[in-house]
2 protein chains.
Amino acid sequence: MMETYRDSHDRALTDYPRPSVAVDTAVLTVPPGAALSVLLVRTGDEWRLPGTFLHERERLADAVLRSLQTKAGVSGLSPRQLHVFDDPARDNRGWVLSVAHLDVVPWSRLTIDESLAKIVPVTDAGALPYGHNEILDQAVASIRSSYATTPDPAGLLEHPFTLRQLQQLHETIAGEPLMRDSFRRAMEPQLAATGELAAGTVGKPARLFARA
Amino acid sequence: MMETYRDSHDRALTDYPRPSVAVDTAVLTVPPGAALSVLLVRTGDEWRLPGTFLHERERLADAVLRSLQTKAGVSGLSPRQLHVFDDPARDNRGWVLSVAHLDVVPWSRLTIDESLAKIVPVTDAGALPYGHNEILDQAVASIRSSYATTPDPAGLLEHPFTLRQLQQLHETIAGEPLMRDSFRRAMEPQLAATGELAAGTVGKPARLFARA
DNA sequence: GACATTTAGCGCGGATCTGCGATAATTGCA
DNA sequence: TGCAATTATCGCAGATCCGCGCTAAATGTC
């Protein structure tokens, strides 16, 4: 075991006041045929974003993944930090810092425990406690900005996919229709054609792509 | 005094492990005629970004301002969060989370204590400890992005200023020359002409502006 | 086999953006 | 009184972007 550090007053770091540190996560996904949606968990009679307190020497991203697993039965992917909420009056249990996160997870990974959690369109989340609406707004702004110029950066689509599937996904996330030609001109240079064609549908079969 | 919260195991929040929380800040400024620069403070024989541990129930921004005052004799302005560094091995004194910040401060406010601190061009900062180079990189990227479309959002220039002064400031921050006409076309609609003219220089006097 | 359906992509007019040169205005300086 | 210096603005040509319509290709269905 390593020696405990002592400062010039012979005090260890743990002799000074420290906050509890929590993580709260907006898990965003796009269910088939539905709108951009967020994962909520129930505590008592209210719905909130899943979160947990940081364990000893745990990485923030690991705490996020652990909270998703235990609070909703969900296997997260790659949480990204959004913001630290530091209002000491925000949590009436005590002095708590909360690090907000975003994790974008494909619908196919989201086999949730329905007794614990639900997935609702972001527009239907309603009033959430602890300033979680602000986290949700930041999360939505973040995913929209990342999808504006890059084809499916979070990998919501299974490989391979057609241009139309990609455009419909981007329209769902943007919350508005996109111009077909502009979309193709912007995205196609960033994709790799597999050479395969989609089958089984009426009409000319679509080319299949993968992210480059 | 409020009752201490107890969870279902009859434990208070402080019975669980908590990290020490620090703030580290990249203070950026533009000295007259010089390049985009950063404030460094000396600890022992090495230079680093100023930082401090969070005091009890202190806001992060307040901790930043306090650290600038005590570590460098500088009055900061409005710190913005950049990122939380959470590697438990980052600080050999113990388990420390560090919240990186950016504060953009006009040169005229920066009467620093030269025995404690110095201001150097960001390109000359050299190797900093504790991953502070990463913070500096993020800070530079952040200020560049905010100055790309908005005239002097941090208020580095005294009111009023000429278009040329504004452009020179933006060029210093961008680290590259900007087109005169494009710059004017982008910025002038966001400015308010005072109606006054600059005086004392050779040539046609320039119009003076303020941020709208 | 004719037809509807869907994908793919070309072409074009219009709008916008960009860099540059030219010019006028206004000042200090020789 | 000229002259250099600087600001401010216009005009233009080229580039790029954008939306739209049209056509061709390829498939399943009737």
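Here the structure is a predicted model, which means the values were calculated and not measured. Residue numbering restarts at 1 for every chain, and letters A, B, ... go by the order of the sequence lines.
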Neighbour count >12 (heavy atoms, 6.0 Å) for atom CD, B/Q190: yes

Give the nucleotide from the list C/dT27, D/dT6, D/dA25 with an atom nearest to the side chain of A/K204. D/dA25

Any base atoms under 4.0 Å from A/R207, or only sugar-phosphate, or nothing? Heavy atoms, all strands. sugar-phosphate

Rounded to whole angstrom units, what separation is found between the CG atom of A/L178 and the C1' atom of D/dC18? 14 Å

OP1 or OP2 of C/dC10 sitting under 4.0 Å from any side-chain N/O of A/R185? no

Would you check, one step at a time, whether the test salt bridge (Lys or Arg N to Asp or Glu O under 4.0 Å) holds for B/R144 with B/E176? CA-CA 11 Å; B/R144 283 187 176 152; B/E176 61 183 13; over 6 Å; no

C/dT7 phosphate, OP1 or OP2, under 4.0 Å from A/R164 side-chain N/O: yes

If you check every side-chain atom of A/D181, which of D/dG21, C/dA25, C/dG19 has the closest atom? D/dG21

In whole angstrom, what separates B/R180's CZ from D/dG11's P? 16 Å

Taking the minimum atom-to-atom distance to the side chain of B/E188, which one of C/dG9, D/dT9, D/dA8 wins? D/dT9

Which nucleotide sits closest to the side chain of B/V202: D/dC18, C/dA8, C/dG28? C/dG28

With a 4.5 Å cut-off on side-chain heavy atoms, are B/L40 and B/R48 touching? no

Ranking C/dT26, D/dA26, C/dT7 by distance to the side chain of A/P205, first place goes to D/dA26

For A/F85 and A/H83, take the angle between the two ring planes, folded into 0 to 90°, and tell me which bin it lands in: parallel under 30, tilted 30 to 60, perpendicular over 60. perpendicular

